[in-house]
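One-based numbering along the sequence shown.
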Amino acid sequence: MKVVIIGGVAGGATAAARLRRLDEAAEIIVIERTGYVSYANCGLPYYIGGVITDRAKLTLQTPESFWDRFRIDVRVRQEAVSIDRGARTVSIRRLDDGSVYVERYDKLILSPGARPVDPGVPGTDSDRLFTLRTVEDTFRIHDFVEREHPQAATIVGGGFIGLEMAENLRERGLDVTVVQRGSHLMPTLDQDMAAILHNHLRKHGIRVLLDANVTGFSALDGGIRTALAEGAPLDADLAIMAVGVAPESTLAREAGLELGLRGAIKVDEHLRTSDPDIYAVGDAIEVKHAVTGKPALIALAGPANKQGRIAADNICGIDRTFKGSQGSSVLKMFDLTVATTGLTLRAAQAAGLAADAVVLTPANHATYYPGSESLVMKVVFEQNTGRILGAQIVGGVGSDKRIDVIATAIRAGMDATDLTELDLAYAPPYASAKDPVNMAGYLIENILEGRVEQVGWSEALELAACERGSEASPVFLDTRTADEVARGSVEGALHVPLDELRERLDELPSGRLLVFCQSGLRSYVACRILTQHGFSCANVSGGYGFLEQTLRDGVLPPGGTGPCGRQV
């Protein structure tokens, strides 16, 4: 059997190695148009930032090591230019001399990856405007920084690559501005959670411009100008274009293979294309979203590696299926961790699911053990079933651990009650006896079973403002301590500490109460007291701590007003 693989890195290289482990007699050829077949693409920004100092460490395998270990024929700087499906051949161009030759295959695996999106604005041919996709791109940016000693950089795009480049260039001492077309960075976050990230970037000296449209680039004397639809242009020494990627499916389209979402290559559960002799893996394919079951594009290394292995298994006669991806990811941003899995609340509702979310701010380990930090967790669930749909965690140590637990729960189809019953490892330096994942389950369970009503801050502030003066006007009730209130509260809120609440019930108005504390736990206890004494109340999700962290641009601007004019 002869297998030709177009494209290396995660999917193609994994498929090649798996094929050899399954079939010692197979002829395996990998065609890679860059000079590197298997490299740590997720580590590329950290080489530019100086965290990784040895270029050789970016390369996981070379053509020589592939041959020595696996007897796999890896041909770099060669590009597949066409596929003749009838003849089962691929035409390949040698990039060094332009010559073209033809290679026959019994099975073909497409792993071409994704290409940077072209924003379609003038000036993208500037030699000071860079994209980051390949090792060559990395060396180009790194060498520019070493040679030119730039002082300022403009990053266009606030996804993984854009933010990792922003962090690493800032760590090298550059003034960095991140320009985002949408209302928040990181589309894997809801806007309120992204606001925490925005404020953290600003804390580290990075300028964040939201709802900003780039209209073009132009040369300056020793620099580059980024023009915006509104506002002053941005002048810098270099710019990074990181506005997203699109499936690299030109070869598949020209070969007549069926395409799907945004031109991605359609595959079945065995990763076969519409041609049974051609498989496809990685960022170029359309996958099934593991939560919604709908088509999705998920360009991540983890799924690509799994797909490469599954395609190889099927080629070798092992019946293996790819059950979809839920997009689990984690991002380091200075000393902050941003971790996500599954659907955001916005995405769940857009998919037609009856979804809601809880926000909690638990400590990452026992608070009496030194060094505990708060995590901000948002867990999305289905209202009628309690099924867990997604989660977002922004915090420090332990964020990645919790997102992995919830990712596993989502894959297993677990609901809120299942989260409460998870038997998780506990010792004071690592966790609490009630782990944050358990606590998320308790919160959701209480809502589903009608023990507490929940409102988010945006809804609560709007309700209080719009109905002010009416008999039904809700009133904020702050159940924190006097010291906590002295550091800030919602204007006009009644203050009754939780421990005094039972003795002071006669001070409360008879109307609806919007109850909050610092994290949402004491206010939940307060709501249980109030409900059993005949009061109408709702717990404000996330507590005042969450409001403080999202004020700047997530919920309301500092000192700003809600839709009906309520001051915060």
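- Using a distance-only test at 3.5 Å, with no hydrogens or angles considered, no donor-acceptor pair links the side chain of Tyr47 to the main chain of Arg55.
- Not one N or O on the side chain of Glu286 forms a donor-acceptor pair closer than 3.5 Å with the backbone of Leu259.
- For the pair Asp96 and Arg94, the salt-bridge criterion is not met [side-chain N within less than 4.0 Å of a carboxylate O].
- A salt bridge does not link Arg253 with Glu248: every distance from a Lys NZ or Arg NE/NH1/NH2 to an Asp or Glu carboxylate oxygen is 4.0 Å or more.
- Listed by first and then second residue, the ring pair (Phe, Tyr, Trp, His ring centres under 6.0 Å) pairs that reach into residues 203-236 are His200-His204, His204-Phe334, sequence neighbours excluded.
- Ile406 contributes atom CD1, which lies 9.5 Å from atom CZ of Arg402 (distance to the nearest 0.5 angstrom).
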Margin query: Go through it in stages, so that I can follow the logic: the residues are Leu238 and Phe144, the test is side-chain contact (heavy atoms from CB on, under 4.5 Å), and I'd like the CA-CA distance, side-chain angles, deciding distance and then a yes or no.
Written below: CA-CA 9 Å; Leu238 77 156; Phe144 177 90; 3.7 Å; yes
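- Counting only residues at least two apart or on different chains, the salt bridge (Lys or Arg N to Asp or Glu O under 4.0 Å) pairs with a member in residues 227-237 are Arg225-Asp235.
- In this structure, Asp400 contributes its side chain and Val330 its backbone to no donor-acceptor pair below 3.5 Å.
- Taking 4.5 Å as the limit, some side-chain heavy atom of Leu331 sits within range of a side-chain heavy atom of Leu163.
- Salt-bridge annotation for Lys332 and Glu167: present, with a side-chain N of the basic residue lying under 4.0 Å from a carboxylate O of the acidic one.
- With Thr134 contributing its side chain and Asp137 its backbone, the two residues share a donor-acceptor pair below 3.5 Å.
- Counted within 6.0 Å of CZ on Arg346, heavy atoms from surrounding residues, nucleotides or ligands total 12 or fewer; the atom is thus considered open.
- Formation of a donor-acceptor pair under 3.5 Å by the Arg115 side chain with backbone atoms of Pro247 is found in this model.
- Under the 3.5 Å distance criterion, the side-chain polar atoms of Gln392 are matched with a main-chain donor or acceptor of Asp190.
- A distance-only check finds no donor-acceptor pair linking the side chain of Gln180 to the backbone of Leu185 [under 3.5 Å].
- In this structure, Glu373 places its CD atom where more than 12 heavy-atom neighbours from other residues, nucleotides or ligands lie under 6.0 Å away.
- Remark: side-chain polar atoms of Asn305 are not paired, donor with acceptor, to backbone N or O of Gly302 under 3.5 angstrom.
- A donor-acceptor pair under 3.5 Å is absent between the side-chain atoms of Asn213 and the main chain of Ala229, judged by distance alone.
- Of the options Leu514, Asp192, Val490, Val359, a side-chain contact (heavy atoms from CB on, under 4.5 Å) to Trp457 is made by Val490 and by none of the others.
- Counting only residues at least two apart or on different chains, the salt bridge (Lys or Arg N to Asp or Glu O under 4.0 Å) pairs with a member in residues 174-188 are Arg170-Asp175.
- Salt bridge absent: Lys378 and Asp356 never bring a charged side-chain N and a carboxylate O closer than 4.0 Å.
- The backbone N or O of Thr62 lies less than 3.5 Å from a partner atom in the side chain of Ser65, making a donor-acceptor pair.
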